[in-house]
Participant: 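Provided herewith is a single structure, encoded as structure tokens, for subsequent inquiry.
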Amino acid sequence: PPAGPCAMVVFGAAGDLTSRLLVPALYNLAAGGLLGEKFVLIGLARAPLTDADFRAQLGEALLRHATAAVDPAVWDALAQRVFYLEAHFEAPDTYARLRRRLAEVEGEFNTGGNALFYLATAAEHFGGIVEQLGWAGLTREQTDHWRRVILEKPFGQDLASAQTLNARLRRDLLEKQVYRIDHYLGKETVQNILVLRFANGLFEPLWNRNHIDHVQITVAESVGVEKRGGYYDRAGALRDMVPNHLFQLLALTAMEPPTCFGADAVRTEKTKLLEAVQALKPAQVPAHVVRAQYAAGTIGERALPDYRSEPRVAPDSTTETFIALKLAVDNWRWAGVPFYLRTGKALTRRSTEIAIRFKQAPYAMFRDTPVERLTPNYLVLHIQPEERISLEFGAKVPGPAVRMTGVGMDFCYNRHFGGERAIGYETLIYDCIMGDATLFQRSDTVEAAWGVVEPIFAAWNNSMADLLTYPAGSWGPQQAEEMLGRDGRQWRSTD
Ligand code: BG6
């Protein structure tokens, strides 16, 4: 059914997020008949713009960022319900004006008093905006209407600041009103992890320590830090990617089956999984964590300078742009199964995948091919750039001799379902308006994730691990290979 009725208010509407992601996603929802007539968008920012200016700006941006040819009739109908409020989110009268505006659109477009506040601002403003919304009575729900707030990462810089932010949000909002976005959960292939595991009888019986040797999660980016040096140099690869995106992939891959596909059931299992990740002791950090920064190099034809020469990066920066981790999950299913995670910028190519490595056949029946030379059995969930699932196994080469080689079975989303592209925010916005929080982060999940990485920061602060370097265009430092090599394993080559 179409989502709505509702007024969506975007704080920081002049920014990139609105034009690059939100509006194209809203357009896709509208084009697919998934946005009701009673939906209104109010953009709030400081620039002096009229409704007409704002609509024109968004319309232009839509042409640049849309995932398919824009149908002017669909956009025009949506644009009629787009408004602009020139305001500064720190000014107290902003919230009284916003309240009046919401009352107006409610009268005119029957939004039913439902309002979704999307905080597309820097994270340091989240607490202040929610507080002011609260003072203005804008977060109060009634039996006949709801109020929700969407936030994007970062949810704090560490455990303590995440707890402070959550406590601050709780003063004005119930947990069920807070929708924390991790954009990885908007990716089809990420959502499909649950379907693959729990809608099939085939995989789950094998999905444990008896059959799985280890799991590898790779989120490799070929871009460098680009224009985000100011933010990134303070964050680094661990903060930027691990407690959020990589841990989403980890949690979905390793969690227990929830009792149903409901928000609390799913989120409870994810939290339990993250809470079961063994906290590293400071002395373990050097052997379980590899951190590195890129040096100059070339990626394909593109030459990248060293990280320290990137704009807005400190010339003596010790921020990591690559991290590899070896983690253990302390529970019945996974005891003794290592989870290797790695992510970095300026790597050979863009590739996000989860590789499940099954145990080797126990005995070398084919004497000419010793066990260690058998094709490793991998189930690989390729998340981007290609969206596919592949299974690797050994087969006999035709001919009189018994010779084996590795072969694969491959399921490719595009080939099967056609290539309709999406922004990745469609489901998230739709679900939020429909009140389904399954794909959003609950506060305890966020805190559990920070809890896992906290000891790593502590060890680094006590300079317990070296910062290595790797040339841009490589797969990271050799030490990341060695970390697996010490366990008699290696990273699956990502082609
Ligand atoms: C963001 C990080 O959350 O995710 C970026 O801040 C990173 O540094 C991006 O590039 C990766 O997202 P995706 O969807 O391109 O894998």
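Both ligands and their constituent atoms are indexed starting at 1 by order of listing. Numbering of residues begins at 1 and proceeds along the displayed sequence.
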Participant: Distance under 4.0 Å to a non-hydrogen atom of Lys345: what atoms of ligand 1 satisfy this?
Facilitator: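 Listed by number with element: 5 (C), 7 (C), 8 (O), 10 (O).
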Participant: What protein heavy atom sits nearest atom 6 (O) of ligand 1, and how far off is it?
Facilitator: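 Result: Asp240 OD1, 2.6 Å.
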Participant: Between the side chains of Arg442 and Glu175, is the shortest nitrogen-to-carboxylate-oxygen separation below 4.0 Å, so that they form an ion pair?
Facilitator: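 No, Glu175 and Arg442 are not salt-bridged.
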Participant: Would Thr352 count as a contact of ligand 1 if the rule is a heavy atom under 4.0 Å away?
Facilitator: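 Contact absent.
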Participant: Regarding Lys187 and the six-membered ring of Tyr184, is the cationic atom NZ or CZ under 6.0 Å from the ring centre and inside 45° of its axis?
Facilitator: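 Yes, a cation-pi geometry.
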Participant: What is the nearest protein non-hydrogen atom to atom 12 (O) of ligand 1, stated with its residue, atom name and distance?
Facilitator: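 Nearest protein contact, heavy atoms only, for atom 12 (O) of ligand 1 is His183 NE2, 3.1 Å.
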Participant: Among all protein non-hydrogen atoms, which one is nearest to atom 11 (C) of ligand 1, and what is the separation to 0.1 Å?
Facilitator: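 Here the closest protein heavy atom is Glu221 OE1, 3.8 Å.
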Participant: Would you say the rings of His214 and Phe339 are close, in the sense that their centroids are separated by under 6.0 Å?
Facilitator: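 They do not qualify: ring centres at least 6.0 Å apart.
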Participant: What atoms of ligand 1 come within less than 4.0 Å of a heavy atom belonging to His245?
Facilitator: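 This gives 1 (C), 3 (O), 4 (O) as the contact atoms.
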Participant: Taking atom types as modelled, is there a side-chain donor on Thr321 or Tyr470 under 3.5 Å from an acceptor on the other?
Facilitator: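 The criterion, which ignores hydrogens and geometry beyond distance, is satisfied for Tyr470 and Thr321.
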Participant: Taking salt bridge (charged side-chain N to carboxylate O under 4.0 Å, His left out) as the criterion, tell me which of Lys345, Arg349, Arg342, Arg228 meets it with Glu221.
Facilitator: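 Only one option passes, and that is Lys345.
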Participant: Is the charged tip of Arg357 near the ring of Tyr378: under 6.0 Å from the six-membered ring centre and within 45° of its axis?
Facilitator: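 Yes - Arg357 lies over the ring of Tyr378, closer than 6.0 Å to its centre and within 45° of its axis.
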Participant: Just checking, any donor-acceptor pair under 3.5 angstrom between side chains of Glu226 and Tyr232?
Facilitator: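 No pair is found: no donor N or O on one side chain lies under 3.5 Å from an acceptor on the other.
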Participant: Heavy atoms only: which of Glu226, Gln384, Lys187 lies closest to atom 14 (O) of ligand 1?
Facilitator: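 Looking at heavy atoms only, the winner is Lys187.
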Participant: Output the list of atoms in ligand 1 that are nearer than 4.0 Å to some heavy atom of Lys153, sorted by atom number.
Facilitator: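 In order of number, 1 (C), 2 (C), 3 (O), 6 (O).
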Participant: Using a heavy-atom cut-off of under 4.0 Å, does the side chain or the backbone of Arg350 touch ligand 1, or both, or neither?
Facilitator: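 Arg350 to ligand 1: side-chain contact only, backbone stays beyond 4.0 Å.
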